[in-house]
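The analysis underlying the following values was restricted to heavy atoms, covering all of them including side chains, and did not include hydrogens, waters or symmetry mates. First the proteins, then the strands, lettered A, B, ... as listed; each starts at 1.
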Amino acid sequence: MSDKTLEKKDRVVVRFAGDSGDGMQLVGSRFTDETAVAGNDLATLPDFPAEIRAPAGTPHGVSAFQIHFASRDILTPGDHPNVLVAMNPAALITQVGSLERGGTVIVNEDGFTDHNLKKAGYESNPLEDDSLEDFQLFRVPMTSMTVRATEDIEGITARDAARCKNLFALGLVSWMYGRPTDPTINWVEKKFADKPPVRDANLAAFRAGYNFGETAELLAVHYEVEPAPAPPGTYRNVNGTQSLAMGLIAASVKSGLQLFYASYPITPASELLHTLSRNKRFGVRTIQAEDELAAANMALGAAFGGQLAVTATSGPGMDLKAETIGLAVAMELPMVIIDVQRAGPSTGMPTKTEAADLLMALYGRHGESPLPVVASRTPGQCFDAAIEAVRLAVKYRTPVILLSDTFLANSSEPWRLPDVSKLPDIDPGFATDPSGFEPYKRDRNLARPWAIPGTPGLRHRIGGLEKEDVTGNISYEPENHEHMTRLRAERIALIAGDVPELEVDDPDGADLLVLGWGSSYGAIQGAARRTRRENGVNVAVAHLSHLHPLPSNIGEVLRSYDRVLVPEMNMGQLVKVLRSEFLVDCESYTKVDGLPIFTRDVMDEILRRVDT
Amino acid sequence: MSDKTLEKKDRVVVRFAGDSGDGMQLVGSRFTDETAVAGNDLATLPDFPAEIRAPAGTPHGVSAFQIHFASRDILTPGDHPNVLVAMNPAALITQVGSLERGGTVIVNEDGFTDHNLKKAGYESNPLEDDSLEDFQLFRVPMTSMTVRATEDIEGITARDAARCKNLFALGLVSWMYGRPTDPTINWVEKKFADKPPVRDANLAAFRAGYNFGETAELLAVHYEVEPAPAPPGTYRNVNGTQSLAMGLIAASVKSGLQLFYASYPITPASELLHTLSRNKRFGVRTIQAEDELAAANMALGAAFGGQLAVTATSGPGMDLKAETIGLAVAMELPMVIIDVQRAGPSTGMPTKTEAADLLMALYGRHGESPLPVVASRTPGQCFDAAIEAVRLAVKYRTPVILLSDTFLANSSEPWRLPDVSKLPDIDPGFATDPSGFEPYKRDRNLARPWAIPGTPGLRHRIGGLEKEDVTGNISYEPENHEHMTRLRAERIALIAGDVPELEVDDPDGADLLVLGWGSSYGAIQGAARRTRRENGVNVAVAHLSHLHPLPSNIGEVLRSYDRVLVPEMNMGQLVKVLRSEFLVDCESYTKVDGLPIFTRDVMDEILRRVDT
Amino acid sequence: MSGNGANGGDVLNLTKADFSSDQETRWCPGCGDYAVLASVQGFMPELGISPDKIVFVTGIGCAGRFAYYMDTYGMHGIHGRAPALATGVATARPDLSVWVVTGDGDSLSIGGNHLIHSLRRNVPLKILLFNNQIYGLTKGQYSPTSEEGKVTKSTPFGSQDHPFNPVALALGAEASFVARTVDTDKKHVAGVLRAAAAHQGSAFIEIYQNCNVFNDGAFDAVRAKGQKELNQIRLEHGEPIRFGPEGERGVVRGDDGQLELAEVADVGEEALVVHNAHRPDPGLAFELAQLAQRPTGPTPIGVFRDVGRPVYGEGWQEQLEDAHSQAGIEDLEKLLHSGDTWTVS
Amino acid sequence: MSGNGANGGDVLNLTKADFSSDQETRWCPGCGDYAVLASVQGFMPELGISPDKIVFVTGIGCAGRFAYYMDTYGMHGIHGRAPALATGVATARPDLSVWVVTGDGDSLSIGGNHLIHSLRRNVPLKILLFNNQIYGLTKGQYSPTSEEGKVTKSTPFGSQDHPFNPVALALGAEASFVARTVDTDKKHVAGVLRAAAAHQGSAFIEIYQNCNVFNDGAFDAVRAKGQKELNQIRLEHGEPIRFGPEGERGVVRGDDGQLELAEVADVGEEALVVHNAHRPDPGLAFELAQLAQRPTGPTPIGVFRDVGRPVYGEGWQEQLEDAHSQAGIEDLEKLLHSGDTWTVS
Ligand SMILES: Cc1ncc(C[n+]2csc(CCOP(=O)(O)OP(=O)(O)O)c2C)c(N)n1
Ligand SMILES: Cc1ncc(C[n+]2csc(CCOP(=O)(O)OP(=O)(O)O)c2C)c(N)n1
Ligand code: SF4
Ligand code: SF4
Ligand SMILES: [Mg+2]
Ligand SMILES: [Mg+2]
């Protein structure tokens, strides 16, 4: 029993940072598990270095992991950490800037050698000079203590031992926040079952860190973060990539359509390819195509063949798929194109987030080629977004663009598992009856028949040339082109009647509406709650999942507020659409720095617009 | 001296139609020359068959040429012909629909064999049944009369002779409208100087047609169309392709930059490649690349090398250039991308016109990648549009998209030749001074230095990754990306101050403004004039040349009218932009049938909106 | 027969008519495409595959119109992407017989990348490249197979491009089946189609196709009466390579190891190189392709290479289909619950 | 020396340092790219060309970072398009020496089309393909040169793709200069660079480059001490092809005409095939490329082919420049007035 003071906290943001080789991502995910078991709500965000494996100790080689956990439900990985664990000078110099004033800095003292200080670009040692005076600094010789803690273990060299210092850090922080230790201990035992020395070294390091917290004078306080009340159910931690993949697989199971996923690697979309390629057992076929044009065409070919065709990429790859998406529009075949947006223009900042591909998704093809655009809002909701994209594609025989982004792809949060048996079925409704079959004859949704090769008597030919209504034969008739162009637009517009109305959360009749789309969801919701609670502000919030067509009631909603604020991770793309559709003077808050929108950002924008 | 009545007309629209092999385009261009010499104002539009060489006599093998000429200045090739010359049944069946009620039909009777009637899809012979009763029908056995007229010519077979029937038709119509015959006679004599029999046969056919008109009872009336008053100057007939090519060459001469034109063939942009490739004498380098991606990249490479880089294509090719255009935006190099729009989506109707690539030009790239967009309005004005696009590209170091369309490319009109000595110079302003050189240091236009390889001491490296302000080094700094993104947008926005204000033609203080862009110019101007004259309507008109950024005074202009009508050959793309920028409830008139907007269309829209 | 969807040997007594669609052909009168269309429609019944299980995928160009004239399933894709589009169809549906028809611009200029990758992967596609050494549909620009110095609409001063030899390119791209034939040689075309259909995996067939409007006579040396008899070097697996009206000329290996043409009388039968289309390495096929950089003199036609190697996706689809059909709600349940979960009650 | 912008022989006494930019290299420690960078920077002074007249054009990938480390002019393009971008630079500015650095994914996967077309055209570019048989920058997916069955992030059950042999592909694409070398073989790399620089037109160099993070050891057979001595078949023009520590093994032509490896002792010196890089037809070079489909055993390196043929744009730019510099207002006037004009006064 420690004699230290125990303080209650209702939310904490911890950031672990070290060299790419220091295993910070592992520490992060272990701490996340402990926290999940502790029953807190949480959100995490890994922050990988842009370079594959930058020279050790350099600033661009720093790898970090941030976790936000609380005794009530939270929505983002947090704006500014309260605690920074820095394993070396590079980690400190690159991360300390985002730390809250007065925050806690825990450094691995052993990492602060002159050599490392120089590599990080420090003139003088920040642990000695006053550069950290705004923070609470704790210097812990993690490496040496880890080495000492493991020296009696057979078959472990000092070098191996030093490698375990990340578990020392984990142990220390676990103690600080009263995390359960079993999850980590069990994990280590499973993971290194066949390498006893390594197992023991890691366990020793973990315990050493934990005990150091308990015993050393250094840390006088530790904290308690009570479990967060959460709706009953089974939970797991997922990032947007995992849940998007599971959503696609679920759609495949519920539609009976085999999933065909063709893609060309690109950060951050590649992870989706990696994840799906492991799911052979669901009949998922993944193909790494020679380029994005091929990937899109392969998917379109598979769609014609009767499979659930999906292709995914990020910004630059979307440019290359444009022509093929246009062909899919003309062929009216079901297909899902996923754009995991990243910071542009051009190659831009491949590992940073942004949501600046909206207008491209809407208009980035020559000619009039309308299609539905859906966007996911949280890591867990990517699952639903994927299913919705598939539903629309299949029902309306159209390519659908699904927008995600780097932040959603990498960030994780507890996800309440849906009851899969309750997921709606998706009916491919393949055409089979030759009598009266016409390739471009439409059902009441204006959707044409999906007649796949091999079906007796339904032989037909489709292509990108304008087609005669009903027969689908090539036609250059002016009236027909006019008719078909409007028909293609009408078919997509009809979907507005088939998507949920925009729900507004407006407990106390606000004058200001904050409307968002995509991954700004957490920040916007959080900002609304906090400004209501902390500043007694009246503010309404709503979030769009369907960017095209827009929900049928949105015009009404927009007009019913004095002011509408639209925060976006671009230069105001949704605002352009809303203003033009509804002539409502929506206001933009734009952020294009490659980072997600912070709750604080939105709070400030709200407060600027309401008199409290 | 003929004893026939001579009627005055102030405008006539004649359409020549026949089989691809009948030489209708030749007849059209000859008649155009005669008409130019006659001093009428005119506008023409060839109408090629979609197929290369469809089987003779079939409807999809019909080739037509329309000319509109008048005793006052006119702006379009005319909506509906007054006179149709049909060389065979296929020509009649496909073209008669567009003829004005009560119009004149002149057919080559000899072409109406049962065989040809069947090929054209006629059940019964329209010359015998009453299907043409709404029109004035003249049956002329052109083939046989031509054969007769040429039978004494040495070395001409009946087959050769028959081939001259197009000149018979030309002679006949020339007589009808009192065209001077010398231009054609001289042309024939030059053209076939080394083939005397052919020359004589053509001349004989031409004269026979002319004399037939004069002597035969058949035609009782002929017409006089007085010269149109035109501003003094030297004129020539040009289509949009020719003047665009000359504009690019002029820009090359005036800038001292060698013209580098890389392109991949595509209808209708290919003609530009063909035209420029003949201009080696101006140092024009044309390259037929392996695809549009290569063409765009070659151009960008040449831009880095210090040449006047241009690439051109049509819709589908634009999709493929998107990623490279984004790279050019990041590299901030001068480059012109020409999109000769055609009817889409996808392959669409390659030989038909449309203007549905505007939103793609504005937003068809991932990320925030703003660039200037310029559009040409008439065949002759393509010359100025090309020079303006180059001016902006070079001055602001940016890719510029220039929008033309199929109608402009093929349609021709008299063009008053500019005084080239008065064309403004374009200063490349290459960087040469190493002292203080930074690749992304900007001048007062926010343009960066154009430092081309070979310049001593200015070695630098540029790319698509986000660049640090000033130095251009790779940077992932959040603040820098935010700054650079806004800087790129600001640089383009600044151009608004460097383009002429939007001029409004509003003689009598109208409430309705008709605002257009692109090739609808002629129809809009014509509609305004005619509704003013014929219906006493008050209507204002204005036309945009710069689609991005928009002229600085446009907001003002829009707000100063009760109603704003925007006719477009798309589903209302400019309207989307205007509504969102200025929250003005602009109204759309949209036409997407692959044909140009007609004066009549716009007149009706105007009349519907004003009470007369 | 996986990879080309044949229903074993069962006879469906199909006729040419069963493969002719009701769409009116719109090529120029006299175009070589007509001859190829007739040959293909005439050959199809031999496959013993119902037209319902055949897909023709084409690109953009005159050749691309082919899809509309076959009464099978068809996709007329965008310019240059047909091999990728067809890869999607063939991979998703190995039960189908998938054919690609493309032009020299479509597959060698804009579509070069997809062509070489589909050949490298050995995707079960029969690729018919209609090589007319010109851009037909866009009215006469030069193509990647046009001769150097060619004067066309886009090259009034003559092109500067050195052309591809499609057969050599395909061999360099690891193609497992490579052949060449001539549009109007009905019998020869049929023979090559037969061999291609029998081949497992990608089959690449270059068809010399006359564009009588923009490049008439480009192949006269191997196509025109009086010349073709002299210049067609017909490759037959296992046979000594000889040609000429009386087979009086042949192919021999010179002292420096390089292939050469010779008079059989001078060198003797036994000196002739014996064609081996099944040789695992493509060396010989490539050397044969080099005998005629262009079809202006003696030029090999027939099957250059025909070797077996794993077919792309072979066996996979079957496995995946089983997996998919067995994967149900429970498995989905399991998938969602994989990883660390916890329950709140 | 047109095509590579050398200022004749004049000596600029440049050193390696003159070609090293101030940008910090950011490859993984131990990456083969470092070795190549050092060799290239070390070789450049030999060119006798001012760094002001040299341009490095690169694509996207680890290899693509190369441009930032050379103190020359540089363009870091988008993925796969470097050859096209470089074609623009080289065609517009034949006075410059233009080098392309690309990866196996960059130039053989997404960029395959531009690569084969630049080689076919014989554009004056020196193309260095860093082949590490993996996607490095995107963290370890297989590439078009990865071996069949390779297990990577994107192919947990092994890839189904048959790989390209870059040398064979280049030869099939009409390349006039084709060579292969190994990242760490400083001397050999320099020798190949020297030959490439001397060659007029496109020079294609495949460089086996070790990615020690995602594909370590892929080239051990020809790269690792103890193995490379046994497996490197060093091609030298005009020399009999032999290899092994004592040159005890060699390349002979078998009875069926196919190239084979043999013990010199068994077959005798004179039986060895003599390498001829200048042979007009690429047959021999292609056969040599087939000796090793993959670098896992005896593998030819060095210059496979080096023949002269018209360089793309050769002479043109000079003509055009003259024309352009002479074309003035009057000519423009003439151009506008060409065709039928009439005057209204
Ligand atoms: C993206 C794109 N670029 C260009 C074109 C224009 N285009 C259509 S067919 C064609 C080439 C035709 O030549 P080829 O492939 O040899 O076919 P052919 O007409 O000779 O049979 C071109 C350039 C297009 N349709 N799409
Ligand atoms: C259009 C586009 N697609 C995909 C990517 C992602 N990407 C960057 S580099 C690369 C491949 C890298 O492999 P390689 O060319 O072999 O270079 P290496 O990193 O191995 O040197 C990919 C797929 C991109 N940047 N742009
Ligand atoms: S243009 Fe040539 S290839 Fe095309 S249809 Fe006509 S003849 Fe045939
Ligand atoms: S990932 Fe591989 S190729 Fe890229 S830098 Fe690291 S070691 Fe080199
Ligand atoms: Mg062709
Ligand atoms: Mg690689």
Side-chain angles (χ1 to χ4, degrees), chain A residues 50 60 314-316 318-320 322-323 326-327 329-331 339 341 343-352 354 356-357 359-360 362-369 463-466 476 478-479 481-482 485-486 488-489 570-571 575-581 583-585 591-595, chain B residues 50 60 314-316 318-320 322-323 326-327 329-331 339 341 343-352 354 356-357 359-360 362-369 463-466 476 478-479 481-482 485-486 488-489 570-571 575-581 583-585 591-595:
Chain A
H60 50 267
S314 299
M318 279 302 280
D319 298 351
L320 295 174
E323 191 195 6
L327 176 62
V329 167
M331 288 184 163
D339 177 9
Q341 302 166 93
S346 195
T347 312
M349 307 196 298
T351 56
K352 304 296 176 194
E354 201 161 281
D357 296 355
L359 291 174
M360 172 179 60
L362 295 171
Y363 308 121
R365 298 163 294 283
H366 73 279
E368 293 290 348
S369 51
L465 287 162
E466 184 57 285
Y476 293 127
E479 305 69 25
H481 179 55
E482 180 95 44
T485 305
R486 298 188 187 280
R488 281 184 289 261
N570 59 44
M571 296 283 278
V575 165
K576 274 196 163 55
V577 175
L578 298 176
R579 290 171 60 96
S580 115
E581 287 298 310
L583 296 178
V584 170
D585 189 3
K591 188 185 190 198
V592 280
D593 61 359
L595 301 173
Chain B
H60 51 269
S314 299
M318 280 301 281
D319 297 350
L320 295 174
E323 191 195 7
L327 177 62
V329 166
M331 288 184 165
D339 177 10
Q341 302 166 94
S346 196
T347 312
M349 306 194 298
T351 56
K352 304 296 175 193
E354 201 161 279
D357 296 355
L359 291 174
M360 171 178 61
L362 294 172
Y363 308 122
R365 299 162 294 281
H366 73 279
E368 294 288 349
S369 51
L465 287 163
E466 184 58 284
Y476 293 126
E479 305 69 26
H481 179 54
E482 181 94 45
T485 306
R486 298 187 185 281
R488 281 184 289 261
N570 59 45
M571 297 282 278
V575 165
K576 275 197 162 59
V577 175
L578 298 176
R579 289 171 62 95
S580 118
E581 287 298 308
L583 297 178
V584 170
D585 189 3
K591 188 186 191 199
V592 279
D593 61 1
L595 301 173

Among A:Met331, A:Glu479, A:Glu581, A:His481, single out the residue with the greatest number of heavy-atom pairs under 4.5 Å to chain B. A:His481

At their closest point, which heavy atom of A:Ser346 faces which heavy atom of B:Ala330, and how far apart are they? CB-CB, 3.9 Å

When the 4.5 angstrom heavy-atom criterion is applied to A:Met349 and chain B, the contacting part is both

Sequence neighbours excluded, which residues qualify as side-chain contact (heavy atoms from CB on, under 4.5 Å) partners of A:Ala356? A:Glu354, A:Asn570, A:Gln573, B:Glu368

Closest-packed option against chain B by number of heavy-atom pairs under 4.5 Å, given A:Lys352, A:Met360, A:His60: A:Met360

Contact origin within A:Gln341 toward chain B - heavy atom pairs under 4.5 Å: neither

Distance in Å, B:Asp357 CG paired with B:Leu362 CG, rounded so as to fall on 0.5 Å steps: 11.0 Å

Is chain A contacted by the side chain of B:Leu595, its backbone, both, or neither, given a heavy-atom distance below 4.5 Å? side chain

Between A:Pro345, A:Gly364, A:Gly326, A:Gly344, who has the most heavy-atom pairs with chain B when the cutoff is under 4.5 Å? A:Pro345

Measure B:Met318 against the heavy atoms of chain A and call it side chain, backbone, both or neither at under 4.5 Å. neither

Can you tell me if A:Glu466 uses its side chain to pair, donor with acceptor, with the backbone of B:Gly348 under 3.5 Å? no

Side chain / backbone / both / neither for A:Val584 at chain B, heavy atoms under 4.5 Å: backbone

Pick whichever of A:Pro316, A:Gly594, A:Ala322 has the most heavy-atom pairs under 4.5 Å with chain B. A:Pro316

Kindly give the heavy-atom pair with the smallest separation between A:Asp585 and A:Arg579, and that separation in Å. OD1-NH1, 2.7 Å

Would you compute the distance between atom CG of B:Leu583 and atom CG of B:Leu578 and round it to the nearest 0.5 angstrom? 11.5 Å

Residue A:Arg488 versus chain B: region with a heavy atom under 4.5 Å: side chain

Is it the case that B:His366 and A:Asp319 place a side-chain donor and acceptor less than 3.5 Å from each other? yes

